[in-house]
Amino acid sequence: MKKIFSLALCLVLSSFLLAGCSDSGEPFEEKSYTSDTQIDGIYLNVQDRRIEVSLSEDEQVHIQYFENNKEYYDISVTEENILTMTSASDKAWTDYIGGKPSAENRKISLQIPEALLESLTLSTTNEDIILSVLAVTGSVSLSSNGGDISFEPLAVGDALYLTVKNGDIEGTVAGSYEDFAIQTEIKKGESNLPEEKEGGEKTLQVSGNNGDVHIVFASEALSA
C-alpha cells in the first residue's frame, strides 16, 4: 500500500512539473510607454530583466517592454516628476516551475533625452544593464544582482553609484580622474580603481562582490 501511495504521489508531482515546463502559459505582448508630461528623473526597479538604455530622438522618455497577465509592470509618475517602473506578478507557485521567458521577452528598452534628466536609477536581478552614450545633470545609480553593468561614456553632474553582485562592471566615465572623489569596495574580484581617493567635485562609488571592475575616464580613453 505504501508503494502504491508513493507512486501516486510521484505521478502527481510529475504532472505539476510537466505543466510548469510546458509552453501553455500566458503569451507575452510587446508594449510601449511614452511620457506625456515633464520627467525629471527615472526610477526603474525590476527582476530578471535586461535593461538597455539609449538616447531618445525626440526629447521624450520611451520604454519598450513585454508583459502578460502573470508578469507585468507598474508604471507611474510621482508629483516630483519621477517616472517609476517596478515589476509586478500574479504568479501561483506552480508558475515558478520550469523555464523562464525568452531573452526577447526579458528585455526592457529605455530611451531618455540628452542631459534633461536630473536622476537615473536602474536596478535588476540576474540580467545585465547596458548604457550607450548618455548625460544626466544629477546622479546615476546602477545595480545588478547576478548580471553585468556596462556603459559607454557616461556623464553625471553630481554622482555615479555602481553596485554589482556575481557580475562585472566595465565602462567609461565622462570627465577626468581628478573630477571624482572615489570609494571602492570589492570582494572576490579585481578593480583598477583605488579603494579611496579624496578630492573632486563629483562622487564615484563602486561596490562589487564576486566580480571585476574596470572603469576608465574619457580623458584617459582619448589619450590611450
4.5 Å side-chain heavy-atom contact, [X] and [Y]:
X    : Y    : value
L160 : V206 : no
F217 : F180 : yes
Y33  : H62  : no
I186 : V213 : yes
E52  : K107 : yes
L44  : T121 : no
L110 : I112 : yes
S87  : E71  : no

Hydrophobic cluster (4.5 angstrom, side-chain heavy atoms) - remaining members for Y72: none
Transitive ILVMFWY cluster of Y43 at side-chain heavy atoms under 4.5 Å: who else is in it? I82
Taking all non-hydrogen atoms of both residues, which atom of [X] and which atom of [Y] are closest, and how far apart?
X    : Y    : value
E59  : P113 : CA-CB, 3.6 Å
D74  : A88  : OD2-CB, 3.9 Å
E127 : D48  : CG-C, 3.6 Å
T124 : R49  : OG1-O, 2.6 Å
L142 : I149 : O-CD1, 3.7 Å

Spacing of [atom1] belonging to [X] relative to [atom2] belonging to [Y], to within rounding of 0.5 Å:
X    : Y    : atom1 : atom2 : value
I182 : E198 : CD1   : CD    : 11.5 Å
Q183 : L193 : CD    : CG    : 12.0 Å
E67  : E26  : CD    : CD    : 11.5 Å
I129 : I108 : CD1   : CD1   : 10.0 Å
N166 : N210 : CG    : CG    : 4.5 Å
Q205 : E196 : CD    : CD    : 10.5 Å

Evaluate the side chain to side chain contact (heavy atoms under 4.5 Å, CB included) criterion for residues L154 and L131: first the C-alpha distance (whole Å), next the side-chain angles of each, then the deciding distance (0.1 Å), finally the verdict. CA-CA 8 Å; L154 176 59; L131 283 71; 4.2 Å; yes
In one Ile/Leu/Val/Met/Phe/Trp/Tyr side-chain cluster, 4.5 Å: [X], [Y]:
X    : Y    : answer
L55  : L116 : no
F151 : L117 : yes
V133 : V53  : no
M85  : V77  : yes
I39  : I51  : yes

Cation-aromatic face contact K197/Y177, 6.0 Å, 45 degrees: yes
Short side-chain donor-acceptor distance under 3.5 Å, [Y] and [X]:
X    : Y    : result
E80  : T78  : yes
Q64  : Q111 : yes
S191 : T184 : no
R106 : Y65  : no

Please say whether more than 12 non-hydrogen atoms of neighbouring residues, nucleotides or ligands are located less than 6.0 Å from NZ in K202.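 More than 12 within 6.0 Å, yes.
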E190 atom CD: more than 12 heavy-atom contacts under 6.0 Å: no
Apply side chain to side chain contact (heavy atoms under 4.5 Å, CB included) to E104 and F66, showing your working. CA-CA 8 Å; E104 183 66 21; F66 296 82; 3.6 Å; yes
Candidate pair T84 and S76, rule side chain to side chain donor-acceptor pair (under 3.5 Å), full reasoning: CA-CA 5 Å; T84 69; S76 62; 3.0 Å; yes
Check step by step if side chain to side chain contact (heavy atoms under 4.5 Å, CB included) holds for V61 and I42. CA-CA 9 Å; V61 176; I42 294 176; 3.9 Å; yes
Hey, is the main chain of I130 close enough, under 3.5 Å, to the side chain of D128 for a donor-acceptor pair?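 Not a single qualifying donor-acceptor pair exists.
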Give a yes or no answer on whether the side chain of D168 reaches the backbone of D212 with a donor-acceptor pair at less than 3.5 Å. yes
Any pair counted as side chain to side chain donor-acceptor pair (under 3.5 Å), so long as it reaches residues 130-157, sequence neighbours left out: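 Passing the test, one end in residues 130-157: no pairs.
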